[in-house]
Amino acid sequence: MRTATRPGRTRIWDRFAASDPGLLRLMAGLRTVGAIALTLAVLALLGAGKTHLVAGSISAMAATFAIKEKQQRQQAVTLALGLVVALAAMSLGALLSTHVVAGDLFFLALIFAAVYSRRFGDRGTALGLIGFQVYFVSLFVRAGVPGLPGLCGTLVVAFVSSALVRFVVVPETPERVLRRLRAAFRARLAQLVSAQIELLDAGPDRVEKALEEVRRHTARLHESAMMIQGRLAEGTSDSATAALVQRRIADAEIAAERLGVLILTARSAERADTLTLHLPNAPVPAASDRLRAQVDTTAILRRDLEALRLLVRRPVAEDRGTGVAHVRNRLLGYRDEENLPRASAAVQDVFRGIGETGRSVLGLRLALDGPQDESDDTPSTTRSREELDAEDVAIARAEEAEEDAHDPTGWKRPTTRTAVQVSVGSALAIVGGEFLSSQRWYWAVLTCWVVFLNTASTGEILVKGYRRLLGTVLGVVAGALLASLVGSHTWTAFGLVLLFVFAMFFTAPLSYALMSFFVTAMLGLLYTLLNTYSTGVLVLRIEETALGATCGVIAAALVLPVNTDRRTDELLATVLKRLGEVTGAAVDQLSGGPAIELLDKARDLDTALDDLRSSTQPLTHPITPLRARRQTARYLVALLETCAYHARSLAATAELLPYSKTVAADPRLKRAGRRIAHNIDVLVARVEDDDTEGVAETGPSLASMLETDRPGLPRHDRVTDRVLRHLQRLDEGVIGLARPLGVPVSTPANAASRGPAA
């Protein structure tokens, strides 16, 4: 019974770990709840009243969530400085409580300083948040000079409790986070292979659903890879180890993504366009009759995909006997054309893709788990190990070069501009909030402050304000219901507060509206504890929230505004430039040029694409009235995601060049890459300047261009089919971007009529 239950529990935990990569949300929620619970326990033992319990809870929460630094020593220094800032903020809040004008002016100055301090990195951001939140606490509990010593003691208890939970009860180190992220990557990779098996087996009525699952798990795998990328520098012993893990993660991601494309292609008798895997709402190709007819081949394919999933899931410590080695050797043999079943070319490509994915999994196991037993290796497995060892040596010898980003000065610096905007919006919120309530005007200021966090344009602020208002309205309903049920049961209310705090932190990265719901419901309980609860208070909370969001939007639109279209264009130009850099460097290396670090460039492209995706949310949000722009934005992002996939694949293939026997340099590729580079430059010029008159070029397929150069080349001298496919799809994707961007496209037929200008 125990042996049957344990795998079930393991699968459930793997699913949970995959849904929360690195358990970052879980650990953040546990640390915050633990800090609040310990603070409440200590204050209760000291006989503190409800006011001090509420102040201690909010202060412990602020002291815990504000600190984002990765190294424990840095966290300890920031926490100590944060206590000093908190004591100063609480003292000034109490001293200025009877001086309305002076208090409001100081609050505005504090808001400006808190936002401006973000330019000093994680520590500046944390100290600014702590100062703002603790001053807000002084307003919330109506701190005065007589009660100041007790409140300062409460702050000390809250910060010490936060430190104990952070460093003793729920300790967190970069190495531990990275270890959990790597486990999550394995879990998500296994889930993607499972989805690919479902796609292989899906009947005509289930293909669309299976394909959507493949898309979803591919996106989640990419998310895990990006999170690991952000933790490598602090979580590994040296730069060479970080580069090695980065390389193996990228190899596994790209190989698994390509395997899904090959399976989808094999399902179509006409060799389906690989863009279908990435474009949303794309038509699904019909299942291949030939593939369905070959029952034996399909069974072998399913068996090998399940074997691949086994290799992904099982750590090296559980490898016993020769079974796993036999499976690994069989999969790697497909790379050398060993034992390929008789099937169509598309199906054989799937088996080769399984072999390439098996090689990437082997590299991942070596990088994450260390050396393994090689006694049962076949020649194909030995060759794969030799290639991986050669790559390891090259990575270890490579020197990393860092370039300092240009930091704009003056009003152009984002922190300065945002600080001015928040200060102006908060001033409006203070004035308007006083008209609504002279006692709780600070809710409008808090909303104005929050909607500016992690936003960069007027549209983003509008969408965030709308989500906060929606969550607040729903939270008011829940808060009213809970307050009537809890009544005067203090510890029941605090128990629900802890539950809502955990839910707030666990759902924050998933849904801002949901997080706002839990915040508002929690505040309803806190008002109950302070004996200030009423339905009118919660309704006032809605009004203050709407006012604060409106003031934030007005300030963002009128004071040093950053137009959503302008910011989107800037980010679009950045994505296109980085796409051109990755493609150009990969083509140059595949053409015989010098080897350079391509995966870093590919990750820079992914980061820029993530920024663009975030900035287009105001354009793609359901409340956006301009449906045509919404469809255009979605189309552009989807097509850029496809282009980024093929650029990443080219980069990974180019980095195999020095060690692979199947990928050979071909100088002719420069001609094929020249057209793509030209078209990307034209797109960038059009995005940066609407008056540019560049023309994108199209014509015969890149493969046919290469064939006409030197026809009849032997197989081993050709550029591999994989490179040609990625280049062709990238060429088509770039041309596809020309239409929505308003760039004319010149074909060979009309190029001659246009003359030299074309």
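FYI, side chains are in, hydrogens and waters are out, and symmetry mates aren't considered; it's all heavy atoms of this structure.
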Any donor-acceptor N or O pair under 3.5 Å, side chains [X], [Y]:
X    : Y    : value
R123 : T78  : yes
R188 : S224 : yes
T32  : T64  : no
R309 : S194 : yes

State, with a plain yes or no, whether a side-chain heavy atom of [X] is found less than 4.5 Å away from one of [Y].
X    : Y    : value
V33  : V165 : no
Y116 : I111 : no
M61  : S162 : no
R215 : R220 : no
D606 : R603 : yes
L139 : F107 : yes
E198 : E213 : no

Here the pair of heavy atoms bringing S138 nearest to M90 is CB-SD, 3.7 Å
Sub-6.0 Å ring centroid separation between Y442 and W449: no
### Message
Is the distance from the ring center of F518 to that of F505 below 6.0 Å?
### Response
no
Using side chain to side chain contact (heavy atoms under 4.5 Å, CB included), reason through L79 and F167 one step at a time and then give a plain yes or no. CA-CA 11 Å; L79 196 58; F167 301 123; 4.3 Å; yes
Paired with V422, the side-chain contact (heavy atoms from CB on, under 4.5 Å) test is passed by just one of V115, V445, V450, namely V115
Exercise. Just do the side chain to side chain contact (heavy atoms under 4.5 Å, CB included) check on Q74 and K68 with the steps written out, would you?
Key: CA-CA 10 Å; Q74 296 172 342; K68 302 296 184 183; over 6 Å; no
So F494 and W491, would you call those rings parallel, tilted or perpendicular, with 30° and 60° as cut-offs? tilted
Practice task
Name the orientation class of the two ring planes belonging to F136 and W443 (parallel below 30°, tilted from 30 to 60°, perpendicular beyond 60°).
Solution key: perpendicular
Here the gap from R166 atom CZ to F159 atom CZ, rounded to the nearest 0.5 Å, amounts to 11.0 Å
| task | Salt-bridge test for R613 and D610: reply yes if a basic N is under 4.0 Å from a carboxylate O, no otherwise. | result | yes
